[in-house]
Amino acid sequence: MTGAEQRLTTTARLGLTLIAGGAVANIYYNQPLLGMLVAEFGARAAIWIPTACLVGYGLGILGLVPLGDSLPRRSLIIGQLLGLSLTLLVAGTSPNLGVLALASLVIGILASAAQQAVPFAAELAPDASRGRIVGQVMTGLLTGILLARTASGIVGAQFGWRAVFFAAAGVALAMAGIAAATLPRTPQTKPLRYRALMLSILYLVKTQPVLRTASLSQALLFASFNAFWATLALLVEAPPFDMTAAGAGLFGVIGVAGAFVAPLSGRFTDRRGARPVVLGGSLLVLAAFAVLWAASAGSLAAVVIGVLLIDIGLNGALIANQTRAYALVPGARGRINTVLFTVMFVFGALGAFAGSQAFLRAGWPGVCTVGLVLAGLACLVALRDRRRAA
């Protein structure tokens, strides 16, 4: 048994899964509470609070996650979770919008502990089962995203928005305790100066073509995903569907299937390699938009099937792309994670913008066209990658 296998106990794997989901949930708790926040702080709250959280999360991925390649990840995760608990208490006692917005920015930064957990799992995992283990931890992260809005909405409706932040502070503190109790201490690596650490990210992009391919293919899929989700509510809240905002939100529950396909994708990647999984996931997303085109004629079944195909395809490809990227440079998994998710977030924002513009100009067929183009480009990247490998 190798040292990696000895350190990666079942308890540690479960701890990383819980931490990934419990940390990332914090950037989504505010979304069902926006009506309450607008009522107390004014209309600007609807823009400032969710934006501050998401911007903070991106800053955390870019600025904090690479530190895991130089400092002990266990200590970083515990420190971020303790800081997160304290910041959530500040958010819950915010007297005005400025304090809440600033707290939301810091919440997003510290919630990037979720992105420390994934490369930590990849670092501890044996080579032969890295995909499966990354898939399990990502299941926790994806489930945290899905359940955060539901839990926040229920607690907020019963006890008010401040209670959500107080409860989240308790959860973050519990996650810090879980991290301290379950995560192994790893040998101290040679620390790098922060400037050198950040510059080395550019070197990785320059010297690792597999990282560039994985980032591009996943970013294109994420862009198509965001083009869809940024406009879905506009579709289903209008005739002939006439759903409420709550009804539109229920489509997210279907995404659970995408979360639980992650370990299956990881196992297949371990056995057959990443390329066929990425191509298969890209084809599923392409097929999803072909099916979704029928939604413009009033087919609710097309929407349900489309959501299912998009989530399964996107998450399946994500696990495969993460697995092959993490295998490139063992001592740089945090920086590799930063490259992958930074590119994804940039393309995701562009996809949401393109989808919204397409809906305003051409309706739902316009959104499907954007999705088909982006997913088609992802398929071309995957096909080119397979031919180059062959």
Side-chain angles (χ1 to χ4, degrees), residues 7 9 11-30 49 52-95 99-121 123-124 137 140-141 143-145 147-148 151-152 155 161-189 191 194 197 333-334 337-338 341:
R7 292 196 303 269
T9 63
T11 304
R13 189 163 66 243
L14 178 60
L16 287 168
T17 303
L18 292 173
I19 290 163
V24 77
N26 288 278
I27 65 174
Y28 297 100
Y29 285 142
N30 65 78
I49 304 308
C53 262
L54 291 171
V55 169
Y57 192 65
L59 291 174
I61 291 173
L62 185 61
L64 288 183
V65 172
L67 286 172
D69 293 337
S70 181
L71 302 173
R73 280 200 177 89
R74 179 181 181 275
S75 299
L76 283 170
I77 290 172
I78 293 172
Q80 285 188 236
L81 291 171
L82 290 174
L84 182 60
S85 180
L86 181 61
T87 309
L88 286 162
L89 290 176
V90 172
T93 57
S94 297
V99 173
L100 182 58
L102 180 59
S104 297
L105 180 70
V106 179
I107 286 169
I109 292 171
L110 296 175
S112 64
Q115 295 294 341
Q116 298 281 14
V118 182
F120 199 11
E123 175 187 322
L124 297 172
V137 176
L141 189 147
T143 304
I145 293 173
L147 297 183
S152 175
V155 173
W161 69 267
R162 294 182 189 272
V164 174
F165 287 101
F166 293 144
V171 172
L173 187 61
M175 291 296 106
I178 289 172
T182 65
L183 303 188
R185 299 179 187 273
T186 50
Q188 175 67 58
T189 58
Y194 189 71
L197 192 70
R333 292 190 175 107
N337 202 59
T338 291
F341 279 89

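Numbers here simply count residues along the sequence, with the first being 1. Note that the structure is a prediction, hence the values are computed from the model and not measured.
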Is there a side-chain contact (heavy atoms from CB on, under 4.5 Å) between Thr93 and Phe166? Walk through the geometry before answering.
CA-CA 9 Å; Thr93 57; Phe166 293 144; 3.8 Å; yes
Determine which pairs satisfy side chain to side chain donor-acceptor pair (under 3.5 Å) with at least one residue from residues 106-117, sequence neighbours left out, and list them in order.
Tyr57-Gln115, Gln80-Ser112, Gln80-Gln116, Gln115-Asn337
Which heavy-atom pair separates Ala12 from Pro184 by the least distance, and what is that distance?
CB-CD, 4.1 Å
4.5 Å side-chain heavy-atom contact, Thr182 and Leu14:
no
Looking at Ile178 and Gly15, what are the two nearest heavy atoms and their distance?
CG2-CA, 3.9 Å
Under the 3.5 angstrom rule, does the side chain of Ser152 hit a backbone N or O of Ala148 as a donor-acceptor pair?
no
Roughly how far, to the nearest 0.5 Å, is CG of Asn26 from CE of Met175?
10.0 Å
Atom pair CG/CG of Leu173 and Leu86 - distance to nearest 0.5 Å:
10.5 Å
With a 4.5 Å limit on heavy-atom distance, are the side chains of Val90 and Val99 in contact?
yes
Might you point out which heavy atoms bring Ser85 and Ala169 nearest each other, and give the distance in Å?
OG-O, 2.9 Å
Shortest non-hydrogen contact from Ala25 to Gly144?
CB-O, 3.8 Å
Thr186 and Leu124, any side-chain heavy atoms less than 4.5 Å apart
yes
To the nearest 0.5 Å, what is the distance between CG on Asp69 and CG on Leu76?
10.0 Å
Check each of Leu59, Leu62, Leu84 against Ile109 using the side-chain contact (heavy atoms from CB on, under 4.5 Å) test, and report the only one that passes.
Leu59
Under 3.5 Å, side chain of Tyr28 to main-chain N/O of Leu147, donor-acceptor pair present?
no
Heavy-atom pair with the smallest gap, counting every atom of Ile78 and Ala179:
CG1-CB, 3.7 Å
Scanning both residues in full, the closest heavy-atom pair of Ile61 with Pro66 reads O-CD, 3.5 Å
Output yes when a side-chain donor or acceptor of Arg74 lies under 3.5 Å from a complementary backbone atom of Leu183, and no otherwise.
yes
Val171 and Leu88, any side-chain heavy atoms less than 4.5 Å apart:
no
Quick one: does any side-chain atom of Arg162 pair with a main-chain N or O of Ser94 as donor and acceptor, under 3.5 Å?
yes
Quick check for you: to the nearest 0.5 Å, what is the distance between Phe165 atom CZ and Leu89 atom CG?
11.5 Å
Once you round to the nearest 0.5 Å, how far does OG of Ser104 lie from CG of Leu100?
4.5 Å
Val137 vs Phe120 side-chain heavy atoms within contact, under 4.5 Å:
no
Go through Ile107 and Tyr29 one step at a time and tell me if the side-chain contact (heavy atoms from CB on, under 4.5 Å) criterion holds.
CA-CA 11 Å; Ile107 286 169; Tyr29 285 142; over 6 Å; no
Euclidean distance, Ile49 CD1 relative to Leu54 CG, rounded to 0.5 Å:
11.5 Å
Under the rule for side chain to side chain contact (heavy atoms under 4.5 Å, CB included), what residues qualify as partners of Ala163, not counting sequence neighbours?
Val155, Phe159
Non-hydrogen side-chain atoms of Leu110 and Thr87 separated by less than 4.5 Å
yes
